[in-house]
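Remarks on the structure that follows.
Everything quoted here is computed from the prediction, not taken from an experiment. The chains referred to below are lettered A, B, ... by the order of the sequence lines, with proteins before strands, and numbering in each begins at 1.
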There are 2 protein chains.
Amino acid sequence: MEDSVAIQILDAANRLFAERGYDGTSLQVIAEAVGIRKPSLLYHYTSKAVLRDAVLARLMDHWAEVLPQILSAATTGENRFEALVAEVIAFFDADPSRARLLYREILDRPNELSLRLGGFLAPWIALLADYIRRGQGTGLIRAGVDPEVYISNVIQMVIGGVATAHVFYAMGDDSAVERQVLEVTRIARTALFVNDYLEGNHG
Amino acid sequence: MEDSVAIQILDAANRLFAERGYDGTSLQVIAEAVGIRKPSLLYHYTSKAVLRDAVLARLMDHWAEVLPQILSAATTGENRFEALVAEVIAFFDADPSRARLLYREILDRPNELSLRLGGFLAPWIALLADYIRRGQGTGLIRAGVDPEVYISNVIQMVIGGVATAHVFYAMGDDSAVERQVLEVTRIARTALFVNDYLEGNHG
DNA sequence: CCTACCGATCGGTAGG
DNA sequence: CCTACCGATCGGTAGG
């Protein structure tokens with residue numbers, strides 16, 4: 001590893017920004033988490049704003065790399081829709097700070113995020129929307145579906161569900177995550193397809 | 001109006017906390033927005049934390065008053081489900097800062113919000129969950145629905161949709177709000193009821 | 001409701 | 001990667 005300290009800083013900033021927010025996190029506490037002094041941190045990232053952008057850029061790069069894998073993997077087999085939803089939830093659930101960081105950026109800098117996110121997310125949304133419209137043509141998918149709005153709402157359930165997990169199912173229930181995955185998948189599938197082709201699974 | 005300045009402070013704090021977050025908003029800028037000096041603000045609210053709690057308390061009181069009205073009004077007539085979803089969206093859409101403030105609190109202080117919110121929201125969620133379970137008994141509602149998890153996901157779509165409106169449909173489309181209302185209602189209804197009893201409406 | 005002021009902490013720089 | 005330090009701003013207080 002050629003520059004491990006810079007990555008440690010990035011990791012700490014990622015976690016702390018997600019937990020306490022950008023304004024609620026001082027460079028001092030990030031430096032402490034890494035075990036260095038504040039000026040040393042500022043050698044690697046010349047300002048707090050630069051550090052924020054680096055954290056966000058790495059998150060976006062990660063998604064840009066993983067998303068195509070998830071989507072193409074989910075295109076194989078019959079249960080591709082279940083697989084897609086489950087994998088996206090798993091991705092965020094593996095590290096909830098991803099979802100929280102995203103939500104904080106949406107609230108703090110909607111314009112900046114819209115630009116960055118729209119850049120690489122738009123093609124995938126267009127792809128999925130096309131798939132929906134084709135399904136509407138063949139009668140597989142409900143005519144009433146508003147493709148883009150439908151997609152944004154499923155994303156909303158997935159990411160929002162992870163980001164707010166503490167509040168909505170703070171029951172300490174170990175099966176909470178599994179129930180959330182099952183229900184989001186069920187809602188998304190039932191609202192999309194004409195035939196509840198797998199309803200027997202959830203009777 | 002007996003103490004208009006205290007309310008002006010509350011309004012300004014509400015708006016600024018929602019826009020910039022608690023840590024991103026200084027008492028100075030709140031005081032400026034009201035047209036007074038910082039020490040005068042601290043006469044009405046003895047600390048920043050007290051002001052935050054007052055803002056949150058007023059929001060909760062507002063919901064505690066309006067929510068029963070929406071729910072009981074929506075219990076009248078056949079299309080009560082559509083009415084319920086539409087009214088809740090309308091409530092948040094009338095002032096999106098309500099949704100953003102809620103989301104910031106979820107991220108900043110999940111435990112505190114969970115306690116406050118759970119206190120008065122739990123009975124309503126239990127009521128709706130009971131309604132769902134009864135509907136499952138009579139065959140009106142899909143057997144696969146996980147009542148509490150379903151409800152939290154619909155809330156997620158409604159509030160998240162309002163809070164993140166800028167990012168997801170920043171197309172400047174005037175019909176965006178209407179499309180969002182229609183699609184969330186459609187998703188929620190289709191995923192809940194066995195019969196798509198109004199599908200003819202959506203072409 | 002104000003002026004004046006407090007110690008603490010902020011992001012960031014100088015200089016090595 | 002550090003010590004030492006900067007001006008600006010923070011939440012909050014004294015005192016009227």
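Base contact: A:Leu42 has a heavy atom under 4.0 Å from a base atom. Looking at heavy-atom distances under 4.0 Å, A:Ser26 makes contact with sugar-phosphate atoms alone, never a base.
Atom-to-atom, CG of B:Asp23 to C1' of D:dT9 comes out at 14 Å; the value is rounded to the nearest Å. Atom CG of B:Leu51 and atom C1' of D:dC10 are 15 Å apart (whole Å). Rounding to whole angstrom units, NZ of residue A:Lys38 and P of D:dC6 are separated by 14 Å. Atom pair B:Arg37:CZ and D:dC10:C1' shows a separation of 17 Å (rounding to whole Å applied). At whole-Å resolution of the value, CG in B:Leu41 and P in C:dC2 are 10 Å apart. Atoms CD (B:Glu32) and P (D:dG11) sit 12 Å apart, rounded to a whole Å. As rounded to whole Å, 12 Å separates atom P of C:dG11 from atom CG of A:Leu16. The CZ-P distance, from B:Arg20 to D:dT9, rounds to 14 Å in whole Å.
In terms of position along DNA chain C, the nucleotide closest to B:Val5 lies nearer the 5' end than the nucleotide closest to the other residue of the pair B:Val5 and A:Thr46.
Side chain A:Lys48 to base C:dG12: no donor-acceptor pair is found below 3.5 Å.
Under 4.0 angstrom from either OP1 or OP2 of D:dG11 there lies no side-chain N or O belonging to B:Ser47.
When each of D:dC2, C:dC1, C:dT3 is scored by its nearest atom to the side-chain atoms of B:Ile36, the top-ranked nucleotide is C:dC1. Of the candidate nucleotides D:dG12, D:dT3, C:dG12, D:dG12 has the atom lying nearest to any side-chain atom of B:Leu27. Checking C:dA4, D:dG11, C:dG12 against every side-chain atom of B:Pro39, the shortest atom distance belongs to C:dA4. With D:dC1, C:dC1, D:dG11 as the choices, the nucleotide that has an atom nearest any side-chain atom of A:Tyr43 turns out to be D:dC1.
In this structure, A:Arg52 forms no cation-pi arrangement with A:Phe17, as its terminal cationic atom is not both closer than 6.0 Å to the ring centre and no more than 45° off the ring axis.
Both distances falling under 3.5 Å, in either a Watson-Crick or a G-U wobble arrangement, place C:dG15 opposite D:dC2.
One finds a salt bridge joining A:Asp11 and A:Arg58 here, because a Lys/Arg side-chain nitrogen approaches an Asp/Glu carboxylate oxygen to under 4.0 Å. By the 4.0 Å N-to-carboxylate-O rule, A:Asp108 lies close enough to B:Arg104 to be salt-bridged with it.
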*Start with the C-alpha gap between A:Gln28 and A:Glu32, add the side-chain angles, then the distance that decides, and say whether side-chain contact (heavy atoms from CB on, under 4.5 Å) holds.*
CA-CA 6 Å; A:Gln28 175 68 27; A:Glu32 272 174 18; 3.0 Å; yes

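Of all the heavy atoms in A:Gly160 and B:Tyr103, the pair that sits closest is CA-OH, 4.0 Å.
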